[in-house]
Amino acid sequence: MRRANLDPLGFAEEMISLEDWAEIRRLHRAEGMSIKSICRVTGAARNTVRAAWRSAEPPRYSRPGKGSSVDPFEPAIRAQLRLDPKMPATVIAQRVGWTRSITVLKDRVRAVRPEYLGVDPADRVEYAPGDTAQCDLWFPDAAVGETTRPLPVLVMTAAYSKFSGARLLPSRLGGDLTAGMWQILSEDFAAVPKRLWWDRESAIAKTGRPTDLAGTFAGAVATRLVIAPPRDPEFKGMVERRNRYLQTSFLPGRTFCSPADFCDQLAGWLQTANLRKPRSLGGATPAQVMAADRAAMTPLPPVAPSVGLHARVRLPRDYYVRVDTNDYSVDPHVIGRFVDVRADLATVRVTCEGRQVASHARSWALRTTITDPAHKQAARELRRAYQAGPQPVTSSSDQVPTRPLADYDRYYGPGPRDSEQRPRLEVVR
């Protein structure tokens with residue numbers, strides 16, 4: 001039997017192991033052996049055996065603490081925290097005269113600070129069907145084709161069913177965010193949750209209130225934007241965990257030759273992810289629970305909302321318009337006139353007085369120039385005509401054309417006859 005120092009539970013002067021404590025209790029209770037017999041079998045002292053079968057808990061080794069070098073400074077630390085509960089530990093160390101390792105002081109400040117700062121508990125939120133969807137942007141750390149800038153992925157998770165949809169976006173501008181939300185709502189959810197939770201994304205609610213663009217979209221689809229309060233990262237923790245799930249389960253080992261390839265792979269992975277069985281759903285899959293979630297949501301509006309990027313500009317002399325950071329060519333015949341530019345996630349269209357004057361596939365790169373060869377050829381011809389100067393107007397004949405008098409009779413009727421209606425001239429003498 002292993003023996004050690006005094007145990008606080010009263011095991012005399014020897015410390016027995018957990019196995020010895022259990023064996024002593026078994027011999028006494030199950031075998032009915034006396035203390036003397038147990039001492040002879042185990043080799044333990046009488047007081048140790050008596051304390052073991054009386055104790056309902058196993059022995060634990062402990063030793064009195066020797067204290068810490070920061071103990072004498074604790075009253076001064078508490079005095080500083082009363083002045084300012086958020087005071088940094090480095091400032092406290094300077095004010096209380098601490099000259100030793102800052103780590104020891106930081107540990108004590110970390111333990112004492114909640115008594116003055118207060119505790120902000122997080123309640124468990126219960127979600128009703130069709131009520132809430134959490135939205136966030138995920139920036140994958142991967143190259144998407146030849147695109148050099150990090151592209152955002154809009155992730156939306158229905159809070160009740162845990163069903164998720166995601167779309168890769170060319171930018172984080174408001175028009176692209178509303179276009180991505182509409183695609184997920186119309187194609188993945190097939191309905192509109194009563195509330196959309198967002199953090200303070202600059203294009204959605206930079207100042208804590210929805211922007212005009214975001215508010216217009218919310219009104220068009222009949223939902224309500226709920227903006228996260230400041231300094232509350234747990235407000236939309238469900239979609240934050242889904243972003244981490246994408247980062248650790250979808251992204252590793254994948255390569256993407258283009259944004260379209262990324263979208264295809266992401267769509268395939270989401271189908272599998274929505275068929276997994278999270279513990280919180282009690283054995284059901286998000287795709288199965290989404291049926292009840294969708295039934296409680298608001299139906300899609302009969303008319304699709306206006307999403308994407310919109311602008312009205314006067315076409316400059318170089319016949320290019322800028323969308324995001326890229327320049328797209330326009331028919332040079334409308335130089336100097338106002339044109340309407342509309343861009344969704346796939347195309348850029350330019351119209352002038354209702355007539356389309358440009359159509360391009362949208363580039364997801366950064367600071368590129370997209371030129372239509374037909375626009376370049378038209379500009380070359382206009383430039384050549386301009387450089388040639390104005391041409392003189394020449395007539396094919398020197399004679400002035402005349403109209404037959406019968407045409408006048410046909411249009412205006414016959415004139416007065418000479419013998420009947422011609423006025424007579426009288427000479428006054």
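Quick caveat: nothing in here was measured; it's all calculated off a predicted structure.
- Here the closest non-hydrogen pair linking Ser161 and Met290 is OG-SD, 3.4 Å.
- We find the CG-OG1 distance between Leu309 and Thr178 to be 8.0 Å, quoted to the nearest 0.5 Å.
- With hydrogens and angles disregarded, a donor-acceptor distance shorter than 3.5 Å links the side chain of Ser55 to the backbone of Glu57.
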Audit row: Leu177, Leu137, side chain to side chain contact (heavy atoms under 4.5 Å, CB included) steps and yes/no: CA-CA 9 Å; Leu177 293 182; Leu137 293 181; 3.8 Å; yes

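- Between the side chain of Asp107 and the main chain of Val104, no donor-acceptor pair closer than 3.5 Å is present.
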Pair His333-Val357, side chain to side chain contact (heavy atoms under 4.5 Å, CB included): steps then yes or no: CA-CA 9 Å; His333 288 92; Val357 291; over 6 Å; no

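- In summary, the side chains of Arg242 and Ser164 do present a donor paired with an acceptor at a separation below 3.5 Å, with no hydrogens or angles considered.
- Within 6.0 Å of CZ in Arg317 there are 12 or fewer heavy atoms belonging to other residues, nucleotides or ligands.
- Contact annotation: the side chain of Gln265 approaches that of Phe250 to within less than 4.5 Å [non-hydrogen atoms, C-beta and beyond].
- His360 places a side-chain N or O within 3.5 Å of a backbone atom of Ser329 that can act as its donor or acceptor partner.
- Distance check: Met156 CE to Met181 CE gives 7.0 Å after rounding to the nearest 0.5 Å.
- In the model, Gln247 has no side-chain atom that pairs as donor or acceptor with a side-chain atom of Arg244 under 3.5 Å.
- One finds the OG1 atom of Thr285 at 5.5 Å from the CG atom of Leu275 (value rounded to the nearest 0.5 Å).
- Leu315 is not listed as a side-chain neighbour of Asp331, based on a closest heavy-atom distance of 4.5 Å or more.
- Aromatic ring orientation, Phe262 versus Trp138: tilted (interplanar angle from 30° to 60°).
- A donor-acceptor pair is defined here as one N or O able to donate and one able to accept, closer than 3.5 Å; no such pair exists between the side chain of Arg100 and the backbone of Leu105.
- Counting all heavy atoms, side chain and backbone alike, Tyr116 lies closest to Leu81 at CD1-CB, 3.9 Å.
- Leu345 and Trp364 get closest at one heavy-atom pair: O-NE1, 3.3 Å.
- Rounding to the nearest 0.5 Å gives a distance of 12.5 Å between CD1 of Ile24 and CZ of Arg29.
- Side chain of Asn326 to main chain of Ser363: a donor-acceptor pair is present (N/O by atom type, distance under 3.5 Å, no hydrogens or angles).
- The structure places OG of Ser258 at 7.5 Å from CG of Asp264, a figure rounded to the nearest 0.5 Å.
- Formation of a donor-acceptor pair under 3.5 Å by the Lys194 side chain with backbone atoms of Ala296 is found in this model.
- Going from atom NZ of Lys86 over to atom CZ of Arg113 covers 10.0 Å, rounded to the nearest 0.5 Å.
- Side-chain N or O atoms of Thr325 include one that pairs as donor or acceptor with a backbone N or O of Arg367 at under 3.5 Å.
- Between the side chain of Arg209 and the backbone N or O of Ile227, no donor-acceptor pair lies under 3.5 Å.
- Looking at Lys236 and Trp198, their side chains never come closer than 4.5 Å, going by heavy atoms from C-beta outward.
- Of all non-hydrogen atoms in Pro259 and Thr147, the two that sit nearest each other are CG-OG1, 4.4 Å.
- With Leu196 as reference, Leu225 is the one residue of Val221, Ile204, Leu225 to meet the side-chain contact (heavy atoms from CB on, under 4.5 Å) rule.
- For the residue pair Asp20 and Ser17, a side-chain donor N or O sits within less than 3.5 Å of a side-chain acceptor on the partner.
- Judged by distance alone, the side chain of Asp131 and the main-chain N or O of Tyr127 form no donor-acceptor pair under 3.5 Å.
- No side-chain heavy atom of Pro193 sits less than 4.5 Å from a side-chain heavy atom of Tyr160.
- Side-chain contact between Asp176 and Leu154 is absent, with no heavy-atom pair separated by less than 4.5 Å.
- Proximity of Val239 to Cys135: side-chain heavy atoms (C-beta onward) are nowhere separated by under 4.5 Å.
- Pairing each heavy atom of Ala203 with each of Leu173, the nearest pair is CB-C, 4.1 Å.
- Between Tyr320 and Thr369 the shortest side-chain heavy-atom distance falls below 4.5 Å.
- No side-chain donor from either of Tyr328 and Arg362 sits under 3.5 Å from a side-chain acceptor of the other.
- In summary, the side chains of Arg349 and Thr347 do present a donor paired with an acceptor at a separation below 3.5 Å, with no hydrogens or angles considered.
- We find that Arg384 and Glu381 are not joined by a salt bridge, their nearest charged nitrogen and carboxylate oxygen being 4.0 Å or further apart.
- When the shell of 6.0 Å around CG of Asp71 is examined, it contains more than 12 heavy atoms from other residues, nucleotides or ligands.
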Full working for side chain to side chain contact (heavy atoms under 4.5 Å, CB included) between Asp344 and Val307: CA-CA 7 Å; Asp344 55 22; Val307 296; over 6 Å; no

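- Asp293 places no side-chain N or O within donor-acceptor distance of the main-chain N or O of Pro129, the cut-off being under 3.5 Å.
- Put simply, the side chain of Met297 does not reach to within 4.5 Å of the side chain of Val192, judged on heavy atoms.
- Taking each heavy atom of Val153 and Ala166 in turn, the nearest pair found is CG1-CB, 4.0 Å.
- Of the listed residues (Asp136, Thr248, Thr157), just one forms a side chain to side chain donor-acceptor pair (under 3.5 Å) with Asn243, and that residue is Asp136.
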Test log, rule side chain to side chain contact (heavy atoms under 4.5 Å, CB included), inputs Thr223 and Thr298: CA-CA 8 Å; Thr223 189; Thr298 305; over 6 Å; no

